[in-house]
Structures are given as C-alpha cells and as structure tokens.
Chemist: 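Sharing a structure, written as structure tokens. Questions coming.
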Amino acid sequence: MGWLDKTPPQGSLIFQKRWVMLDAQYLRYFQNEKEVYSKRIIDILSVTEVLNVGEQKFEVVTRNRTFLFRAENNSNGVSLISKQGYLEMNGLRSKVYVVICADRVFLYGNAEEHSQGVGITYIEMNVGTVKSTDKRSFNLTTFYRTFSFLAESAQQRDQWVEALQDCVSRSLSSDVVAQKIWAVEANQRCADCGAPHPDWASVNLCVVLCKCCAGVHRGLGQSVSKVRSLRMDEKVWTDNLIQVFLLGNNMVNLFWAANMPPSEALHPSSDSEKRQRFVSAKYCQGKYRRYHALFGQQEALNKALCSTVQTDDVLETLSLVFCGADVNCYTGDPELPSPVSMAQHYGQILQVEFLTHNHNTGRSLINQPSAPFIYIFSGFSLDFSRRWCSLNQGNFSYYESEKSSSQSGGMKMSDVLCLLVNPPGKHGYAHSFELYHDSGRVYLFGEDSSDKVKGWIKAIAKALVPSAAEDLVCWPFERVGRFRYTEGQSHHSPLLGWFSLGGSRLLLLLHGADRVENIDLRKIKELSMEQEAGAVVLVDGGRSLRVEGDRRPDFQGWLSGLQQGSGRGDGPLDKQQLTDTDVPVIVDRCMSFITQHGLKSEGIYRRCGVNSKITALLFFLRHDPRKVRLSEGERQVDDVANVLKRFLREVGEGVFNGHQASLPWLHTTSDEMSERVSQYQALLHSLPRVNRATLGAVINHLYCVQCFADENQMNMHNLAIVFGPTLFQMDGTDNSAGQVVEDLIQNYQDIFNVTPLPAPLSQISQEVSAEELVCKVLRRRNIPPQQGDYWSCFLVDNNQEIERPLHYQEQVLTIYFSLGKDCHLVVKKNCYMEAILTNIAGRVDVSRNGLIKFCEEKGQRGKGTFSRRLCVLSGLSLRLYKEVKVREDGRRCSSQPERECSVHALKVYCGIKRKLQPPSWYLCCESKNELIEWLATFMSLQVIIFL
C-alpha cells in the first residue's frame, strides 16, 4: 500500500494523488489513507497486463480500460508480478514461461502467450511448498502434483525459490490485522529502522517491525522478544492485543528510544551486523530506554506495578516491567495474588493482555551472572562447591566456572518434584533452597545474598510449574510441587495436581481446572494422616481430597507444613484452627456447649470446676480441637466454662492483640456513654480480623448469658467482673477492665452493629415455650386457628434439608441463642401431627421395634451405606442390632446391640442432610405410614431428636 499519482478517467494528463492498496484479490485506490470505502476496485483476475512505461509510470491493463499510475520513485511502484522468466520443467521438451503474480504461479508456453493472456495453467500457492533439490533445480509441491523446475544457474535458482516462498507467504496471509494496526500512522514505519509497511511485531515489547528487524528479534529468543507476523499469525492477534498496539510505535519508543543519540540510529539500508548490535543494545541492555524514577528499588517497583495495573495506563506498566518490576510479584492480597489477577479484578483487559505476554520476560533471571553456591549430595561429604548455574528452556545446568564449556551436571525441571524455600538446615548460609528430584536425589543451594536467592527461586518456580499454575508461585510460598491425588471415597485412578504451601495458605491447581484454588488451612474441616498408605486427607467445604505421598523424601515436610498451617493451640488467635466466621474452634466449641447446656446454670463462669479435668480437656483442645466432641454426659458445664476462661487468659497476645494495643480500651474514660461507644467502635475496627471476630463472639455469648440472669445469677456486672481480667489478661486489681467489658455487653448491638432480636422474641419472657410462641405469632399475624390445623415451631436449617418440630414445652429463647448461622426458627403447619396423634391414641405400649435401614455418619469424609438393622425404641434407650435371630415362638432376639443411645440424649430431625457432625444416625423408613409410627413413638416418649 502507498501513495501513487493517477490520471483521471477522461484521459487528462493532470495526475491526482490516491492511496493505493493491493492484496491477493483486488487493486483498490482511495481518496486518502483514512477512507474506509474505495473510489475504484480492480479485480486481479481482470488484469491482462502490467506495463512499465518509464518515468516512474506504469499501466494496469484490463479488458475494458487501462489505468495509468505514477510513483514518486522507482521503489514505490505497485507491481502485481513479482518475478517472471523462462524455466525448464520436467516432462516438457521446451522451456515454459513462469509468472509469479500475487499469490499464484502461472505457466505459459512462451512470453507471447503471456502477453495474449492464453496460458497452460496456474497454481494456487496456498497449497504449495518450495524446496531446492540440486544445484540448479527445485520442486514446487502441491497436494496433487509436484512440479520440477531447472534454472540456468544456482544464483537464479535461489532467486526463484525466494520469490516462490514469498508467494506462499502472501497466499497464507491476511491483511485484516495489518490494516487495523497500520491505522495508526506511527505503525506504518518499523520501530527500529523506520522501513515502510512493517508486517511483523514483537507482541511483548509492543513494537511493529519490518522483516529484517524481525529476523534479528527472533534471534534474541522468546525470553526477550516474541515475534509474530501481522499477516500469517492471525490467531495470535486478539482484539485486546490489537488495542495494545494502537498505542503506536512513537509512544512506545518514548520509552525504548528516549535516550538514543542520532548517530546510533538504525536505517532501512543498515546491514545485518549493525541491526544486530542496535537491537541487542536497545532491548537486551536497555541502553536507550527512559529509566523509571523507581529504577533499582525492587520492592517499590513491584508495589507501583500492582497499583498501575488497576488503571488503563499500559505505557506506565511497560515502563515498570522493563525497568525491573516483577510481573509475577505477590500483591499482598491472597485473593488477588498476582498483578494479572488484580488487573482482571479491576476489568483492565489491556493490562491483562500485556502482562500475559510478558510473564516470562522483562526482569530476566536466566544466566544470572552471580550464581548461587550449589550443594550436591555425594557420599557423606557436606561441603558446598561454587558453581556457575544456568537455567534455559526448562533445563538447569551448572559448571565449574563461567568459562567452562562442559557442564558438571544438570537436570530437567520436568523431573523436579518439589521446590523448598529456606529449609530448616541452612548449612551455614543465610538463604537457601532445595530441589527434590524424582530420582530421590536432593539438591541444596545456598547464598548469603537474599536478592540472588530470591531471583533464582522465582526463575526456577516459573520453569517448574505449568503456565496455567503460575499463580502458585506469585506469592511468598514456602514449598511448591506436584502430587497425585484422588477426590471423594474412591482411591482409584489418581490424578496429577500442583500445590503451593505457605503459612496457613494452600494454593492448588487440580487436574482439568482452569483456575487456582485458595484454601485457608485454619478453616478446613479435617486433616488426617494415613500412615500405612503414606497419604494425607484434607476435607474442605464438603470435599475430601486425598494427597498421596508415594514415599517421597519431601512428603514429611509437606505434612509438617500442613499441620502447622492448619492451626496450633499454643499460638496467638490468628494461628488457631478457625470456624468460617474467623472464631477459634476452641472458643466456638466451648461457647456452643455452654449455650446449649449451661445458660441456666447458677453461677456459670464463677464456679470452679475440677482442675485435672480442665487441664486435660484444654490439652486435647489445643492439640486438635476439630477432633474433640463436647457432649453433655461426658463433660460438666463448669469444666468447659473454665477451659474457655483459661484459654482466653493464656492465648498469645490476647484478644486485644497485645498489652500496648489494649491500653486505649482501658483509657476510654468519657462520662458520656455515646462517646465511649464511638471510641469502642473505632478501637474494634483497628483490631485484626480474627481478634475482632473473637471479641464479637465472646461478647455475643455473654449477652446471651445475661439474658437468663434471673436463673443463672450472672448479670452484666457479674460477668464483667469475671471476664474483664480474663480478656485483658490482668490480675483483677484494675477495675477499668471490668467496666470496659460491662460497656461492651450493655451496648453490644450498637458497638458490634448486630441486628436486635426479632419482634416476637424481643417481647417474650425467658421461660416462654414453643406452644406459647406459636400462639403469639398467630395472633400477631391475625391467623385464627381452624379445626384440624396443627401449628408447630420448627428448627430448620438454611438449605431446608432437615427440620425438627420443637416439643411444645421447650423454651424457645434458649433454642434461639444456641442456633448457629445455618439454622432458624419457623412457625408453620405440622402436616404429620394429625396422623401422629391418631397413632398415639390407639397405642397400648409406648415402645416400638422393627427392621429399618440404618446408616451412620463417619465424619467429614463422608458416611457409610444403608443396611438393615433391628431397631428397638423403649422408654430408656434406642438400640440397634446387627445380627437378628428368630426364636421358636417367632419373636426376634439378639445378644448385644451394635449401637445404643439413651432416649433423653436424642434429637430427631425429619429429612436428611449430608456432612453432619458425628455421632449422627440416618434411619430410613419404607413408607410414610412407617415414618409416622416411629415419629409417634418418639413423641409419646417426649423425645427431642438429634440426628
């Protein structure tokens, strides 16, 4: 394409300047380069001849008309024919006249036939390949035939082969991408030498290049410049990438060539040696670039990058990346660990496109001149040896020195199982890392320079994981590697996944997944070790993941890291095992037990328990609170209450995050309660997330306890006397601690911004029963009772999978305070009640036995299968028998029950819910009538169910 002068159709000799475009199908000319629609279009197939008439003029002859064009110089003329001449062809006695025109090759008997437009055939070059076969011969191969030609000399053969290969390239190319990028005038010249009509580009450096400069860029390697064709690599050119290149060569060169002296500038006529020197200096050495103000400050560059990717300033991002910012740096946000994920979150699609093409470039760590020391296990020698190391294309090699031609050893990154950062034994070096090879060999590297080791760790980590798993290494991890795993109960056909562990975070990319998962180990439901199988089981969010260790030497370290990350009882609050609401499991378990069984216990939290039992229970809870079940028959309320107080008093840094942080709470001495509430709110928001959640849960629990002060004798003041020194970890001599706790309980709803009790519950007494609550609700809703209607108060889970009708004498306020976040109270009609009452009225014996399908919850890893059992429900217990014998009188008998539970400890829910806390039993009836009979038996025994 380019500017040409053209005569008007009337034949006037006055030339008019036109923008002319030529492709494989048409010759078009426009009023100017910005026009979308042409003034005239000429079909290539209609052109019979192109004649050079001298003085930079040429004629395009069609059957109906001749077009006269004039170029500014000989180099800018438009020619449809790139080469023509005589060649010998195998199979013919005489030579043929070959014409390469656009994307086709035409064969004529002679030059005269070509001028007349009568030929032998033409070859579509989009299905052809060209190859030299001898000194003067070459083949043109298509799907259907191979044409063998013989030139007069080797030099002519090379010229024909080059021309034919260019023809193949034209046939496979498309001008769609080029036209869009050339729409920016600066992109119509090569960014390096200024040659016109550049049809190549470096997609990571954001520059448009000519063919000659693109060849030099390609020689730099993919780690420096990723070269793509504007015409042939159409799939690479997404709309977003094209938008990036609309910045233009001039704008991008404001960074790359900001300090380039005119004497060193490259020109279209420059030789290949000068191009090589210039391109290497410009992009590899950054000789002419504009240095960023933060250059040399790695941490500041990374921080600026994380901030810039949230905006649309791609040029600033380019400047940061190629001045040293790490494209894969950790942002500090576990949910958005890398700049790419942060740009995606803020909807900056052009930033994502640029960063994606530069995830392995920019701050290159390959062939780092200051290599770390390497330690290789060799017999019993424990000496480090200094080695020159190189990481390139997934191959890690080390040499005696940088001048050595042969390597001392090496490994493929695909054979590395795990990368461990700063292992426990540093062997005298301040910073080190280990590589575990699948052969069982362990490579240890050490160096006193933190930056050098960090650089190698990042480079090795990126080479180790697949591209889809790069988020695994974009944060301060401790170890990263691959493992085989299975999901669910089936242990067959394990899959390969990638895992990255650091502190309490586990990042993983499972087989077939398109994104990295982020698991908070403190909140998982179960972590167990299968010693014999050498595997670890993690249960999170209802999913069971079994990771196989395969007896690997690094697996014990992974297990230890998982156990440490999942929470330990001797650490501060944020190192404990946590619930989904960020409350330590120890605190949650103890408060839940007190809420269910101790709200009405007189003197709760003031009475002393049995010290030996308190110490033993606290030990087990600190070891692994997830495995400790607090049941009413086994634990005393006062023991559990004292465990909670002791834990809060002894936990590291306390609830208020240390002594210094607790002082402002104690100094809120304003006489106005409203001012103190505002101060408490500000101090609450300054606490870390886990501390804030824990304090809120404890004060909420104390608020519930004081609601039953008439029975437990623990009003706000009494609770504050107990919990003031406990929460502030003081000796009790300072009354201000108790005053703060009393203020927090009294103003609980305002300070913690919680919703008050529902209207029906806020107006009832502590002893109101379920029956009385139902009557109050029906009156408030103006629902008159009808004959045959039976209304009940149900305890229903949020997913409505199970529900429990409360016994009419149960006290509702106690139930309400003991509810978790997954349950609520519902007043509705009881569809089973009429049938149950009818069944009860016809009973003589208040007991039942019969065969029933039984299944037991086996913990968070799932439940077993249903099987038949003999179920016997009497006034004292519910018993299940596995082996049933029939006596001579026809009655069933069995020796010992397989399962047994006292009736008063049972709570029965209708429905079925997976993943309940054990011990939980599922009983399945054959019919609705059988279900009603069992429910009637439970009701007649006045049982409250617990599944």
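The first residue of the sequence shown is numbered 1, and numbering continues consecutively from there.
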Chemist: Closest heavy-atom contact between Thr331 and Pro339?
Modeler: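 Of all heavy-atom pairs spanning Thr331 and Pro339, the closest is CG2-N, 3.7 Å.
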Chemist: Checking Ser566 side chain against Gln563 main chain: does a donor-acceptor pair fall under 3.5 Å?
Modeler: yes
Chemist: Let me confirm one number: the CG-CG distance from Leu521 to Asp540, rounded to the nearest 0.5 Å.
Modeler: 8.5 Å
Chemist: Is there a donor-acceptor pair closer than 3.5 Å between any side-chain N or O of Glu335 and the backbone N or O of Asn518?
Modeler: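 Between the backbone of Asn518 and the side chain of Glu335 there is no qualifying donor-acceptor contact (under 3.5 Å).
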Chemist: Evaluate side-chain hydrogen bond (donor to acceptor under 3.5 Å, both in side chains) for Trp475 paired with Ser500, printing each intermediate quantity in order.
Modeler: CA-CA 9 Å; Trp475 68 298; Ser500 177; 3.1 Å; yes
Chemist: Taking the side chain as every heavy atom from C-beta outward, state whether Asn691 and Phe656 have any atom pair closer than 4.5 Å.
Modeler: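 Answer no - side chains too far apart.
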Chemist: Could you grab the distance from atom CG of Asp415 to atom CZ of Arg441, nearest 0.5 Å is fine?
Modeler: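 Here the rounded value is 13.0 Å.
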Chemist: Between atom CG of Asn642 and atom CD1 of Ile614, what is the distance when rounded to the nearest 0.5 Å?
Modeler: 4.0 Å
Chemist: Looking at Leu305, is its backbone amide N or carbonyl O close enough to the side chain of Thr308 to form a donor-acceptor pair, meaning the two atoms are under 3.5 Å apart?
Modeler: no
Chemist: Check whether any side-chain N or O of Gln576 sits under 3.5 Å from a backbone N or O of Val585 as a donor-acceptor pair, and report yes or no.
Modeler: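 Judged by distance alone, no pair lies under 3.5 Å.
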Chemist: Are Arg515 and Asp471 within salt-bridge range, i.e. N to O under 4.0 Å?
Modeler: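 So Arg515 does not pair with Asp471 through a salt bridge.
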Chemist: For Lys645, does the NZ atom sit with more than 12 other heavy atoms under 6.0 Å from it, leaving out its own atoms?
Modeler: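 More than 12 heavy atoms, drawn from other residues, nucleotides or ligands, come within 6.0 Å of this atom.
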Chemist: Take Ser341 and Ser338, measure what side-chain hydrogen bond (donor to acceptor under 3.5 Å, both in side chains) needs, and give me the verdict at the end.
Modeler: CA-CA 5 Å; Ser341 58; Ser338 66; 3.2 Å; yes
Chemist: Check whether any side-chain heavy atom of Val516 sits under 4.5 Å from a side-chain heavy atom of Leu508, and report yes or no.
Modeler: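 In short, these two side chains do not touch, never coming nearer than 4.5 Å.
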Chemist: So, are Arg546 and Glu530 salt-bridged, with charged N and O less than 4.0 Å apart?
Modeler: yes
Chemist: Any salt bridge between Glu653 and Lys575, counting N to O under 4.0 Å?
Modeler: no
Chemist: With a 3.5 Å distance limit and no angle check, can you tell me whether Ser560 reaches the backbone of Gln556 through a side-chain donor-acceptor pair?
Modeler: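 No; zero donor-acceptor contacts below 3.5 Å.
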Chemist: With no hydrogens and no angle check, is any side-chain donor or acceptor of Asn358 less than 3.5 Å from a backbone partner on Asn204?
Modeler: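 Present.
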Chemist: Check whether more than 12 heavy atoms from other residues, nucleotides or ligands sit under 6.0 Å from atom NZ of Lys523, and answer yes or no.
Modeler: yes
Chemist: Any side-chain to backbone donor/acceptor pair from Gln310 onto Cys306? Under 3.5 Å, distance only.
Modeler: yes
Chemist: Going by the angle between their ring planes, with limits at 30° and 60°, are Phe396 and Tyr398 parallel, tilted or perpendicular?
Modeler: tilted
Chemist: If we only count heavy atoms from C-beta on, is the Leu527 to Val539 side-chain gap below 4.5 Å?
Modeler: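 In short, these two side chains do not touch, never coming nearer than 4.5 Å.
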Chemist: State, with a plain yes or no, whether a side-chain heavy atom of Phe433 is found less than 4.5 Å away from one of Leu419.
Modeler: yes
Chemist: Is any side-chain heavy atom of Phe555 less than 4.5 Å from a side-chain heavy atom of Tyr436?
Modeler: no
Chemist: Are any of the side-chain heavy atoms of Phe445 and Ser432 separated by less than 4.5 Å?
Modeler: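 When only atoms from C-beta onward are counted, Ser432 and Phe445 do not touch, as no gap falls below 4.5 Å.
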Chemist: I'd like to know whether Glu487 forms a side-chain hydrogen bond (donor to acceptor under 3.5 Å, both in side chains) with Tyr485, so could you lay out the CA-CA distance, the side-chain angles of the two residues, the decisive distance to 0.1 Å, and finally the verdict.
Modeler: CA-CA 7 Å; Glu487 289 190 85; Tyr485 72 94; 4.7 Å; no
Chemist: Out of curiosity, Leu420 CG to Asp554 CG, how far, rounded to the nearest 0.5 Å?
Modeler: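 Between atom CG of Leu420 and atom CG of Asp554 there are 8.5 Å.
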Chemist: Taking the side chain as every heavy atom from C-beta outward, state whether Arg482 and Cys418 have any atom pair closer than 4.5 Å.
Modeler: no
Chemist: Does Asn395 use its side chain to pair, donor to acceptor, with the backbone of Lys412 at less than 3.5 Å?
Modeler: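 Checking the backbone N and O of Lys412 against the side chain of Asn395, no donor-acceptor pair under 3.5 Å is found.
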Chemist: Give a yes or no on whether a salt bridge exists between Lys458 and Asp326, defined as a side-chain N under 4.0 angstrom from a carboxylate O.
Modeler: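 The answer is yes: the pair qualifies as a salt bridge.
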Chemist: Taking the side chain as every heavy atom from C-beta outward, state whether Asp520 and Ser504 have any pair of such atoms under 4.5 Å apart.
Modeler: yes
Chemist: For Thr726 and Arg646, run side-chain hydrogen bond (donor to acceptor under 3.5 Å, both in side chains): C-alpha distance rounded to whole Å, both residues' side-chain angles, the deciding distance at 0.1 Å, then the answer.
Modeler: CA-CA 8 Å; Thr726 298; Arg646 186 177 296 184; over 6 Å; no
Chemist: Give a yes or no on whether the ring-centroid distance for Trp498 and Phe483 is below 6.0 angstrom.
Modeler: no
Chemist: About how many Å separate CG of Asp588 and OG1 of Thr581, when rounded to the nearest 0.5 Å?
Modeler: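 Answer for the OG1-CG pair, Thr581 versus Asp588, is 6.5 Å.
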